[in-house]
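Written out below as structure tokens is the structure these notes cover.
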Amino acid sequence: MRNKYSIFSLFKNALSYHENWQRAWKDPTPKKEYDAVIVGGGGHGLATAYYLAKKHNMQNIAVVEKGWIGGGNTGRNTTIIRSNYLWDASAGLYDHALKIWEGLSQELNYNVMFSQRGVMNLAHNLQDVRDLKRRTHANRLNGIDAVYLNTEEVKKFCPIINTSQDIRYPVLGGTLQRRAGTARHDAVAWGYARGADQMGVDIIQNCEVKGIKRSGDTVEGIETTKGFIKTKKIGVVAAGHSSVVANMAGLKLPLESKPLQALVSEPVKPIIDTVVMSNAVHAYVSQSDKGELVIGAGTDDYISYSQKGSHQIVEGTLNAILELYPIFSRMRMLRQWGGIVDICPDASPILSKTSIKGLYFNCGWGTGGFKATPGSGDLFAHTIANDEPHKLNAAFNLNRFVSGDLVDEHGAAAVAH
Amino acid sequence: MFLINCPYCGERDQQEFKAGGEAHIERPKQPTELSDDEWAEYLFMRKNIKGVQFERWNHAHGCRKWFNMARDTSNDEIKAIYKIGEKPPTQ
């Protein structure tokens, strides 16, 4: 059992110059067999393992990760959390996650720095205004907090926005979800890893999956760079590389993997205390606790696994940012990076069983998976443990691409998640 | 960002092009005979290969013609460019 993090443990460790903190999780060698193996040690995978151990009493499980914990998209996103989606199925899924976020730091005994600073979505044309008003109503019917703001109210909520009506895409209004906000993404991965490890989950880093062994339509185990691991249940949470793992099992998924970019500026004093997203011009910005502006750019239109995006994508986003926030015109950008996101045709995720017994996929989160991390883990753990989806993720099955019952969030959730 | 050698215009900036996804997906010859599974396969399921993939591109801000490309998606290196209707290169 590990020490609990608290003000007292902080004080005690300060006395020894913070040199005696315990490891947050072990570095085990893989056992020969597990009850379940999770492929992918990002936030969603670790959360899945955590809830499998905690709620479904499955402690003999492993998470295999080809790199290191949280080194993929978990540490590359822009940390925005919100649940103001249009359709009932999405509202249920994302608000389930938001409710878990609200108590997550206490539950994990790990400060994930969840900050409900609000997320504002701007409207720049008449269609935006209509869509956002409709979404506000839909959200409220689903019990999700949402208000529509006119231009003056937008300006009042975030004074640095240029609300002049003679810019190319003037601000005509916006929506605000006050319960939405941000969290520290690394801490989410570390907190779940520590929590899962504490309950006996083996977290195996630098262990790449090379093949999935099956006999007929049942899985038998996985081939990895650290040898063969026998298991009856495999939960794949491999984000941009989901199709690669699916191909190993002879499955095809409705996914395309594309680079999504983000960037941060040099750190400055507090200037923006909320998250502002603007889908029509594709600009979204918030400020980290370190003071950096965190800016999300868009995806490229071609398939790529290179973790690099095109320069014009960043340029387009910064053009829009500068028009909306002239105050940022002389700021310098510090870092830019790309992550590979797996995009579904309907811009909604897949949390589903497959045609192969014991093989489950949690993928297709595309550009907006971070916000769903706790809910996704909880529901996917339920799906794996019971071999049956929870009612909140039943709509997000693979079969919807055959039946045509899609959850089309392209227009509703807008470009930027 | 990379340079693309349009078979009609020559080498241009990638910014001028639009990616059209996986190539050589044949339109069903008898759409009325198709089962739901076959429709799903045609409309949605993609190989999404990490490695050399055949794909369609359109010179949207140029000659506006479509052509095919073999590209390594793990490092964005273009291996071959060939016209619509031609067979994909074997090497």
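In what follows, chains are A, B, ... by sequence order, proteins preceding strands, each numbered from 1. Treat the numbers as computed from the prediction; the structure is a model and nothing was measured.
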### Query
D36(B) versus chain A, heavy atoms under 4.5 Å apart: side chain, backbone, both or neither?
both
### Heavy atoms of other groups near K210(A) NZ, more than 12 under 6.0 Å
no
## Note on the structure
Interatomic distance, CD@Q307(A) vs CG@D76(B), rounded to 0.5 Å, equals 11.5 Å
### Message
I'd like to check F17(B) versus Y302(A) (side-chain heavy atoms, cut-off strictly below 4.5 Å). Are they in contact?
### Response
no
### Contact check, side chains of I303(A) and Q53(B), non-hydrogen atoms, under 4.5 Å
yes
### Query
Based on non-hydrogen pairs under 4.5 Å, which of S310(A), C344(A), A246(A), P259(A) is most in contact with chain B?
S310(A)
#### Entry: Intermediate values then yes/no, side-chain contact (heavy atoms from CB on, under 4.5 Å), Q15(B) and H311(A)
CA-CA 9 Å; Q15(B) 202 168 339; H311(A) 183 66; over 6 Å; no
### Message
Applying side-chain contact (heavy atoms from CB on, under 4.5 Å) to K18(B) and D301(A), what does each step give before you reach the verdict?
### Response
CA-CA 7 Å; K18(B) 178 99 183 92; D301(A) 63 351; 3.3 Å; yes
### Query
When rounded to the nearest 0.5 angstrom, what distance separates OG in S304(A) from CZ in F2(B)?
7.0 Å
### Task
Grab the two heavy atoms, one from F44(B) and one from L406(A), that are nearest each other, plus how far apart they are.
CZ-CD1, 3.9 Å
### Query
Side chain, backbone, both or neither: which part of N399(A) has an atom under 4.5 Å from a heavy atom of chain B?
neither
### Query
Which heavy atom of A40(B) sits nearest a heavy atom of V402(A), and at what distance?
CB-CG2, 3.7 Å
### Query
Is the shortest heavy-atom distance from the side chain of K252(A) to the side chain of K47(B) under 4.5 Å?
yes
### Task
Could you check which of S74(B), S35(B), G51(B), G21(B) has the highest count of heavy-atom pairs closer than 4.5 Å to chain A?
S74(B)
### Query
So do N48(B) and L253(A) actually touch side chain to side chain, heavy atoms under 4.5 Å?
no
### Query
Quick one: what part of L43(B) sits under 4.5 Å from any heavy atom of chain A, side chain, backbone, both or neither?
neither
### Query
What's the spacing between M45(B) CE and F401(A) CZ if we round to 0.5 Å?
7.0 Å
### Query
Do N247(A) and K50(B) have side-chain heavy atoms sitting under 4.5 Å apart?
no
